[in-house]
2 protein chains.
Amino acid sequence: MDSDELRNAGLKVTTPRLKILTLLENATERHMTAETIYRLLAEGGEVIGLATVYRALAQFEAAGLITRHHFDSGQTVYELERGPHHDHIVCIRCGRVEEFYDKVIEERQREIAASLGYKLSDHALTLYGECNSPDCLAGKG
Amino acid sequence: MDSDELRNAGLKVTTPRLKILTLLENATERHMTAETIYRLLAEGGEVIGLATVYRALAQFEAAGLITRHHFDSGQTVYELERGPHHDHIVCIRCGRVEEFYDKVIEERQREIAASLGYKLSDHALTLYGECNSPDCLAGKG
DNA sequence: GTTGCAAACGATAACGATTCTCAATATAGA
DNA sequence: TCTATATTGAGAATCGTTATCGTTTGCAAC
Ligand SMILES: [Mn+2]
Ligand SMILES: [Mn+2]
Ligand SMILES: [Zn+2]
Ligand SMILES: [Zn+2]
C-alpha cells in the first residue's frame, strides 16, 4: 500500500503525498515534470498546491523513492525508483524517453573513475537522437 | 587571432565579444558559468553587461565555438570547443571538473542508439564522485 | 575620413522554474 | 479527544536567463 511506503520512508501519511505517489505509479509516462504532475492531478479533480508537489517530490527523492533527471530540455523530470538502474535516450523531435542498461558502459565508468582517483557515487548518461516511432516520423513535415 | 575567429563564425567583431572569447581562452578553468565569466571580466576591469555575456555565449554556441553543459549543480557551464570530444567527471565535494574520453563507451552508445532505432545526434555523460586532490581531501573536516 | 544604417550594447524589466513565508489545517501519538 | 508538531496552500520571493528598448558601435559605401 502507498501509505506503508510513505511510513517506511519516515514521512507522515497525508492526502497530497498519497495522491502524488499514486499518480507516479499509475501514470502512463514514467518521466514527468512537477508541472505535469500538478496538472494531471488537477485534471483528475485532485487540486494540490504546486508548492506541495515540489515539496513532496523533494522529500520522496531524499527518501530514495524517486530519482530526478536533468535532460537538456530544461525542466527537471522525476520518476519512481523501481527496478534496476538504467540510463535514458531522448528523442529530440517528439520528446519520447526510453530506458536502457548497458553493462559494458557501467563497468567502464567505474574503471574511468578509479583510474582518475575518484570515488564514484553517481552518473548521468543521456543519449539524444531521433526515434523511429510512426507518430514521430509522421510529424516530420 | 580572436577577431578572425569571430569573423569566420559570421559574427561582427565587437569589444565585448573579443573580451569574452579571450577570457575563455586564457582562464585557468575551462568550464565556467555566465556569472563567473561576467565576474572575472569585471575583476579585470572589463565591465560588460551580463545580458551581453549571455548573448555572446549563445552566439558562440550557435557558431560552434563553445559547448554548454548541464551538470547537476544547476547552472549552465560553458567551455571552448577545442580539441577532441570528451565527457566529464565532477567532484561532488570541491567542484573540480576533469575530462576523459573513452572509446568503448562512445562505441557502445552508438550501438545502443542503433539497436533502439534512434539516429544518434548527441549525448551527455557526467560522472560524479569524490576526487583525491590534496586540497579537496584537506577540507574534508 | 565621413556618413548611414543595421547590428550590438547596457540597463533594466520580464520571465519560468523553483523555493520560501506564514497563517490555517491535518496528522499521530498520549 | 486533545495537543504538539508537521504539513498545507496561496502568494511572495528568488534565481538564472531572456526580452525590451533607447543609445552606441562596427563597418562598408561614399
Ligand atoms: Mn527512467
Ligand atoms: Mn570539457
Ligand atoms: Zn521521436
Ligand atoms: Zn574534490
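Proteins come first, then strands; the chains are lettered A, B, ... in the order of their sequence lines, and each starts at number 1. Predicted model only: the values in this text are computed from it and were never measured.
- With a cutoff of under 4.0 Å to any heavy atom of chain B, the contacted region of DNA chain D is bounded 5' to 3' by dG16(D) to dC27(D).
- Tyr128(A) places a side-chain N or O within donor-acceptor distance of the main-chain N or O of Asp72(A), the cut-off being under 3.5 Å.
- Residue Tyr78(B) is grouped with residue Phe60(B) when hydrophobic side chains (ILVMFWY) are merged at heavy-atom distances under 4.5 angstrom, including chains of intermediate members.
- Contacts of Thr67(A) classified as side chain to side chain contact (heavy atoms under 4.5 Å, CB included), with partners at least two apart in sequence or in another chain: His69(A), Glu79(A), Glu81(A).
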Considering only distance and modelled atom types, tabulate donor-acceptor pairs under 3.5 Å from the side chains of residues 6-14 of chain A, sequence neighbours left out.
{"unit_1": "Arg7(A)", "atom_1": "NH2", "unit_2": "Asp4(A)", "atom_2": "OD1", "d": "3.4"}
{"unit_1": "Asn8(A)", "atom_1": "ND2", "unit_2": "Asp4(A)", "atom_2": "O", "d": "3.3"}
{"unit_1": "Thr14(A)", "atom_1": "OG1", "unit_2": "Arg17(A)", "atom_2": "N", "d": "3.4"}

Report task. Verify side chain to side chain contact (heavy atoms under 4.5 Å, CB included) between Ile48(B) and Tyr38(B), making sure each step is shown before the conclusion. Result -> CA-CA 7 Å; Ile48(B) 291 173; Tyr38(B) 170 78; 5.6 Å; no

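- Here the side chain of Arg110(B) pairs no donor or acceptor atom with the backbone of Leu120(B) at under 3.5 angstrom.
- Between Leu50(B) and Arg17(A), the one whose closest nucleotide on DNA chain D sits nearer the 5' end is Arg17(A).
- Using a 30° and 60° split on the angle between ring planes, His31(B) and Phe71(B) fall in the tilted class, from 30° to 60°.
- Proximity of residues 51-64 of chain B to DNA chain C (heavy atom under 4.0 angstrom from any strand atom) is restricted to Ala51(B), Thr52(B), Arg55(B).
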Report task. Could you give me the CA-CA distance, side-chain angles and deciding distance for Thr15(A) and Glu46(A), then say whether side chain to side chain contact (heavy atoms under 4.5 Å, CB included) is met? Result -> CA-CA 10 Å; Thr15(A) 306; Glu46(A) 317 284 9; over 6 Å; no

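- We find that CG of Leu6(B) is positioned 10 Å from P of dC9(C), with the value rounded to whole Å.
- Distance Gln75(A) CD to dT18(C) C1': 11 Å, rounded to the nearest Å.
- Linking Ile, Leu, Val, Met, Phe, Trp and Tyr whenever their side-chain heavy atoms come within less than 4.5 Å leaves Leu40(A) and Val77(A) in two separate clusters.
- Of all non-hydrogen atoms in Val53(A) and Ile20(A), the two that sit nearest each other are CA-CD1, 3.8 Å.
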Would you list the protein and nucleotides 26-30 of chain C atom pairs, both N or O, that sit under 3.5 Å from each other?
{"unit_1": "dT27(C)", "atom_1": "O2", "unit_2": "Lys12(A)", "atom_2": "NZ", "d": "3.3"}
{"unit_1": "dA28(C)", "atom_1": "OP1", "unit_2": "Val13(A)", "atom_2": "N", "d": "3.0"}

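- Whole-Å rounding puts the Leu18(B) CG to dA8(C) P distance at 13 Å.
- The stretch residues 22-46 of chain A has no heavy atom under 4.0 angstrom from DNA chain C at all.
- In the hydrophobic cluster analysis, where Ile, Leu, Val, Met, Phe, Trp and Tyr join through side-chain heavy atoms closer than 4.5 angstrom, Val97(B) is grouped apart from Tyr118(A).
- Here the side chain of Ser115(B) pairs a donor or acceptor atom with the backbone of Ile112(B) at under 3.5 angstrom.
- Under the 4.5 Å side-chain heavy-atom criterion for grouping Ile, Leu, Val, Met, Phe, Trp and Tyr, Leu24(B) is connected to Tyr54(B) within one hydrophobic cluster.
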